[in-house]
Amino acid sequence: MDLRKPCTRCLLAEIDPDGVYKSIRELTAALPDDVKAPPDIYEKRLSACRECSALRDGMCSICGCFVEYRAANIKQICPSVPAKWK
Ligand code: SF4
């Protein structure tokens with residue numbers, strides 16, 4: 001039995017790679033190319049989320065989005081005021 005406490009400040013990719021994150025990966029892959037954030041911007045956004053106290057179990061506690069999906073869309077911005085990424 002694994003008695004480690006789950007990390008609440010992790011991304012879905014780390015918490016649940018074969019569960020919900022698989023669906024997020026599929027949704028992200030289906031985004032039109034002109035909507036997908038370039039990989040460097042996507043990683044920068046997720047780095048900001050990893051450092052953010054609003055991140056809970058892969059979700060943003062301000063907007064309720066899965067941050068990996070929100071960050072994948074170039075048209076989205078961070079809902080924090082001020083935004084932590086654009
Ligand atoms: S407030 Fe912004 S940086 Fe923080 S978890 Fe939400 S989307 Fe990520």
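Every number for a ligand or one of its atoms is a count from 1 in the order of the listing. Heavy atoms only: backbone and side chains are in, while hydrogens, waters and symmetry mates are out. The structure presented is a predicted model; accordingly, all values stated were derived computationally and were not measured.
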Go through Glu68 and Tyr21 one step at a time and tell me if the side chain to side chain contact (heavy atoms under 4.5 Å, CB included) criterion holds.
-> CA-CA 8 Å; Glu68 285 139 307; Tyr21 182 61; 3.4 Å; yes
Any N/O/S atom of Cys78 sitting less than 2.8 Å from atom 6 (Fe) of ligand 1, backbone or side chain?
-> no
Determine whether Ile74 and Lys36 make a side-chain contact, defined as any pair of heavy atoms from C-beta on separated by less than 4.5 Å.
-> no
Would you say the side chain of Lys75 lies within less than 4.5 Å of the side chain of Val35, judging by non-hydrogen atoms?
-> yes
If you scan protein heavy atoms around atom 4 (Fe) of ligand 1, the nearest is Cys52 SG, 2.3 Å
Residue, atom name and distance, where the atom is the protein heavy atom closest to atom 7 (S) of ligand 1 | Pro79 CD, 3.6 Å
Under 3.5 Å, is there a donor-acceptor pair between the side chain of Glu14 and the main chain of Leu11?
-> yes
Thr28 versus Ala72, closest heavy-atom pair with distance = CG2-CB, 3.4 Å
Taking every non-hydrogen atom, the tightest pair across Cys78 and Arg70 | CA-NE, 4.5 Å
Do any of the N/O/S atoms of Cys49, backbone or side chain, fall under 2.8 Å from atom 8 (Fe) of ligand 1?
-> yes
With heavy atoms of Ser80 as the reference, note each atom of ligand 1 found under 4.0 Å away.
-> 1 (S)
What atoms of ligand 1 come within less than 4.0 Å of a heavy atom belonging to Ile62?
-> 1 (S)
Winner among Ser47, Cys65, Cys60 once heavy atoms are compared against atom 6 (Fe) of ligand 1 = Cys60
